[in-house]
Amino acid sequence: MGFFTAFMAFFSIWGLGQGQNAGSDRSSDHNDQRDAEPEYNEKSNLAERQLGSDTVDTAPEAELDERYTIDVVFDDDVPEALRESVLRAQETLETLITGDVAGTDTIDDLLVHIQMAAIDGQGASVARTLVNEFGADDLPVDVDIFVDEDDIAALAERGDLDSLVLHEMLHAVGFGVSWERLGLISEDSEGNPVFTGEHATAVYAEMTEADGDPAGVPLEQHGSGFTAQRHWDEERIDGELMIGYLTGQTSVSDLTQASLIDIGHEIADDEEDQWDARIKELADLVF
């Protein structure tokens, strides 16, 4: 498999207080200088980046074209609690996403390598996800997820591993990282970034009871390019798994599910039928 240098995006966690924040190196008033930002002292911040490596698919050959497969490889030193969280996230997403994607000659459909790393000591960046390669459909194919060995115990003790891992795995299947490649980021009338996928926009209109035609789903605009336009806007969509802050959520919302359809994933038949019906109904109401 060729080595692809992809655009970089970091998912880090800052400060292991009681509330946690999943964003990235936040600039200006959301930067990592927490002494100047007391309201974020007890939150932690996720970021992501993308680089490259070579790996092989481990799915049974007979099933490669029949379902969406996430193959997971663990380094030997990955603790059991983290393994269990990853396998739960894998099951959740393989159940939700059903359709085969482009993949590569050696990977069908997604390979995720879980590793422990000495990132930056305790309490700063606790996880990083590297997307190495995209398929012809602009969905990730080869991904590395690193968790800081100095922070894993605190995350496990607080019960935050499931939320953290599901957040990271959703990025691994394309949430946030494929949007720009697919031309699904634009601006509203005030110049704020929005995600323009049809399904997610319709769900957002329903959530907010919007009058008229919303330009799209509001996106995070604070911080560096590693966070901005990679998550839902926390100021308008609070408490969601895929906002910039780790909220403890462990379920994939209607909004996030709809966005997966917009980037090209096929959702389980009953869910997809539901979305098609809802889009038609909402189009009559708000578009």
Side-chain angles (χ1 to χ4, degrees), residues 1 3 6 8-16 20-22 24 44-60 68-97 103 106-133 140-177 226 241-242 246-252:
M1 174 172 57
F3 180 94
M8 295 181 66
F10 290 78
F11 291 103
S12 317
I13 303 238
W14 296 100
L16 296 175
Q20 292 194 323
N21 149 340
S24 81
S44 45
N45 189 293
L46 284 170
E48 70 175 3
R49 67 179 178 179
Q50 300 176 316
L51 298 173
S53 70
D54 291 324
T55 53
V56 295
D57 177 65
T58 58
Y68 185 75
T69 303
I70 302 173
D71 294 304
V72 178
V73 177
F74 296 97
D75 275 5
D76 291 341
D77 61 346
V78 173
E80 187 62 26
L82 180 56
R83 291 172 185 252
E84 292 175 356
S85 290
V86 170
L87 294 178
R88 282 191 287 271
Q90 176 190 21
E91 181 179 8
T92 294
L93 295 178
E94 285 186 336
T95 300
L96 177 65
I97 302 171
T106 56
I107 300 175
D108 178 271
D109 297 285
L110 174 65
L111 178 67
V112 179
H113 185 189
I114 309 296
Q115 305 169 63
M116 302 303 298
I119 296 177
D120 56 8
Q122 188 173 7
S125 176
V126 305
R128 291 178 179 173
T129 296
L130 290 70
V131 178
N132 310 315
E133 184 175 1
V141 172
D142 182 1
V143 175
D144 294 327
I145 295 178
F146 295 89
V147 178
D148 198 324
E149 60 192 26
D150 294 314
D151 294 308
I152 185 70
L155 285 168
E157 182 178 354
R158 301 151 80 94
D160 284 334
L161 282 180
D162 280 359
S163 182
L164 169 64
V165 169
L166 186 55
H167 181 112
E168 298 282 355
M169 291 283 277
L170 279 161
H171 284 297
V173 303
F175 182 97
V177 300
F226 305 140
L241 173 65
M242 298 310 293
L246 186 58
T247 61
Q249 290 291 330
T250 55
S251 61
V252 184

**Asked** Does Leu166 reach the side chain of Gln249, with side-chain heavy atoms less than 4.5 Å apart?
**Response** no
**Rounded distance [0.5 Å steps], CG in Asp108 versus OH in Tyr68** = 9.5 Å
**Prompt:** If you look at every heavy atom in Val165 and Val86, which pair is closest and at what distance?
**Reply:** CG1-CA, 3.6 Å
**Prompt:** Do you know the tightest heavy-atom contact between Arg83 and Asp76?
**Reply:** NH2-O, 3.4 Å
**Item:** Distance (rounded to the nearest 0.5 Å) between Asp160 CG and Asp151 CG
**Value:** 12.0 Å
**Asked** Roughly how far apart are Leu87 CG and Glu94 CD, rounded to 0.5 Å?
**Response** 10.0 Å
**Asked** What are the two closest non-hydrogen atoms of Pro140 and Val177, and how far apart are they?
**Response** CG-CG2, 3.7 Å
**Complete:** To the nearest 0.5 Å, atom CZ of Arg88 lies from atom CD of Glu84 at 5.5 Å
**Fill in**
side-chain contact (heavy atoms from CB on, under 4.5 Å) with Asp109: of Ile70, Val173, Thr69, only one passes, and it is Thr69
**Prompt:** Within a radius of less than 6.0 Å around CD of Glu91, do more than 12 heavy atoms belonging to other residues, nucleotides or ligands occur?
**Reply:** no
**Item:** Shortest non-hydrogen contact between Ser85 and Asp162, atoms and distance
**Value:** OG-OD1, 2.6 Å
**Message:** Let's go through Val143 and His171 carefully: what are the C-alpha distance in whole Å and the side-chain angles of both, what is the deciding distance for side chain to side chain contact (heavy atoms under 4.5 Å, CB included) to 0.1 Å, and is it a yes or a no?
**Reply:** CA-CA 10 Å; Val143 175; His171 284 297; over 6 Å; no
**Prompt:** Could you state the interatomic distance from OG1 (Thr250) to CG (Leu164), rounded to the nearest 0.5 Å?
**Reply:** 12.5 Å
**Request:** Measure the spacing between CG of Leu82 and CG of Asp77 and express it to the nearest 0.5 Å.
**Result:** 10.0 Å
**Request:** Can you see which heavy atom on Gly103 is nearest to which on Val141, and at what distance?
**Result:** CA-CG2, 4.0 Å
**Prompt:** Is the closest side-chain heavy-atom distance between Ser251 and Leu241 below 4.5 Å?
**Reply:** no
**Request:** For the residue pair Met116 and Asp75, establish whether any side-chain heavy-atom pair is separated by less than 4.5 Å.
**Result:** no
**Asked** Which atoms form the tightest heavy-atom contact between Ile145 and Met169, and what is the distance?
**Response** CD1-SD, 4.0 Å
